[in-house]
Visitor: 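Would you mind keeping the following structure in view while I ask a few things?
Here the structure is a predicted model, which means the values were calculated and not measured.
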Amino acid sequence: MNITNVEHIDFIVADIEKSIEFWMKLGFFPEGTLDDGKSAYLINRDGTLKIELHEGKPGQALGIDHISLEVDDVEASYHEGKFLGIDFHVEPKAVPRSGRTIANFYDHDGTHLQISKKTHRPGYYDWK
């Protein structure tokens, strides 16, 4: 499995507007939105890291939802991971809203991880 980058980190947040404001202070810029503004996609200045923010639903735990690791080929990486004993709970699939092909799994401590590759134009709305 050839992991090339941390592609994005996905956060569940209490207040989407406050979270966007905070990440902008760290140099991120809004890229797009979904879910009537309850989800936002932000990117750093040089385009090397994305942050996804999703406003949590009542009772949903806040914090990091998952870390996405970019790979050259999701399908090949998935099969290699399966061969090595990784138990994926999401098989490779295209996700129109993010523009990525993904597969998800947990590490031995329960950390939610994802392998991904940008494969098509994202379905989120451009930031206004």
Visitor: Does Y41 reach the side chain of L53, with side-chain heavy atoms less than 4.5 Å apart?
Guide: no
Visitor: Any heavy-atom pair between the side chains of E91 and Y78 that's under 4.5 Å?
Guide: yes
Visitor: Is the distance between the ring centroids of W23 and F11 less than 6.0 Å?
Guide: yes
Visitor: When hydrophobic residues are tied together by side-chain contacts of less than 4.5 Å, even through go-betweens, does F105 share a cluster with F83?
Guide: no
Visitor: As an exercise, state the distance from OG of S77 to CD1 of I3, rounded to the nearest 0.5 Å.
Guide: 7.5 Å
Visitor: Is I102 reachable from V71 through a run of hydrophobic residues whose side-chain heavy atoms are each under 4.5 Å from the next?
Guide: no
Visitor: Is it the case that the side chains of N44 and T48 hold a donor-acceptor pair, with the cut-off being a distance below 3.5 Å and no angle test?
Guide: yes
Visitor: When rounded to the nearest 0.5 angstrom, what is the spacing between CD1 in I12 and NE2 in H54?
Guide: 6.0 Å
Visitor: Just verifying a value: how many Å separate I64 CD1 and I9 CD1, rounded to the nearest 0.5 Å?
Guide: 6.0 Å
Visitor: When you check the gap from the basic side-chain N to the acidic O, do K38 and E52 get nearer than 4.0 Å?
Guide: no
Visitor: For a quick test of reading the model, state the closest non-hydrogen atom pair linking I16 to A40 and the distance between them.
Guide: CD1-N, 4.1 Å
Visitor: Picking from H66, H89, H112, what satisfies side-chain hydrogen bond (donor to acceptor under 3.5 Å, both in side chains) with N104?
Guide: H112
Visitor: Between I43 and K50, which heavy-atom pair has the shortest distance, and what is it?
Guide: CD1-CE, 3.7 Å
Visitor: Taking all atoms of both residues into account, what is the closest heavy-atom pair of A94 and P96, and its distance?
Guide: O-CD, 3.5 Å
Visitor: Give a yes or no on this: more than 12 heavy atoms of other residues, nucleotides or ligands lie within 6.0 Å of atom CG of D46.
Guide: yes
Visitor: Without swapping roles, check the side chain of H120 against the backbone of V95 for a donor-acceptor pair under 3.5 Å.
Guide: yes
Visitor: What are the two closest non-hydrogen atoms of D15 and K18, and how far apart are they?
Guide: OD1-N, 2.9 Å
Visitor: Could you measure the distance from the CG atom of N2 to the CD1 atom of I115? Nearest 0.5 Å is fine.
Guide: 11.5 Å
Visitor: Heavy-atom distance under 4.5 Å between the side chains of E7 and K117, does that happen here?
Guide: no
Visitor: Do L42 and F29 sit in one hydrophobic cluster, given that two such residues count as connected whenever their side-chain heavy atoms are within less than 4.5 Å of each other, even indirectly?
Guide: no
Visitor: Measure the shortest side-chain to side-chain distance between I20 and P30 over non-hydrogen atoms and say whether it is less than 4.5 angstrom.
Guide: yes
Visitor: As an exercise, state the distance from CG of D73 to CD of E80, rounded to the nearest 0.5 Å.
Guide: 10.5 Å
Visitor: In this structure, are over 12 heavy atoms from other groups packed under 6.0 Å from D107 atom CG?
Guide: yes
Visitor: Are F28 and L49 packed together at the side-chain level, in the sense that at least one heavy-atom pair is separated by less than 4.5 angstrom?
Guide: yes
Visitor: Determine whether L62 and V13 make a side-chain contact, defined as any pair of heavy atoms from C-beta on separated by less than 4.5 Å.
Guide: no
Visitor: Is it the case that one hydrophobic cluster holds both F88 and V90, taking links as side-chain heavy atoms less than 4.5 Å apart, direct or via other members?
Guide: no
Visitor: Indicate yes or no: at least one non-hydrogen side-chain atom of K118 is less than 4.5 angstrom from one of E70.
Guide: no
Visitor: Can you tell me how far NZ of K93 sits from CZ of R100, rounded to the nearest 0.5 angstrom?
Guide: 13.0 Å
Visitor: Could you tell me if the side chain of P122 sits less than 4.5 Å from the side chain of R97, heavy atoms only?
Guide: no
Visitor: Taking all atoms of both residues into account, what is the closest heavy-atom pair of S68 and Q114, and its distance?
Guide: OG-OE1, 2.9 Å
Visitor: Verify the neighbour count for atom CD of E75: are there more than 12 heavy atoms of other residues, nucleotides or ligands below 6.0 Å?
Guide: yes
Visitor: Report whether V74 and Y106 are members of the same hydrophobic cluster (ILVMFWY, side-chain heavy atoms less than 4.5 Å apart, transitive linking).
Guide: no
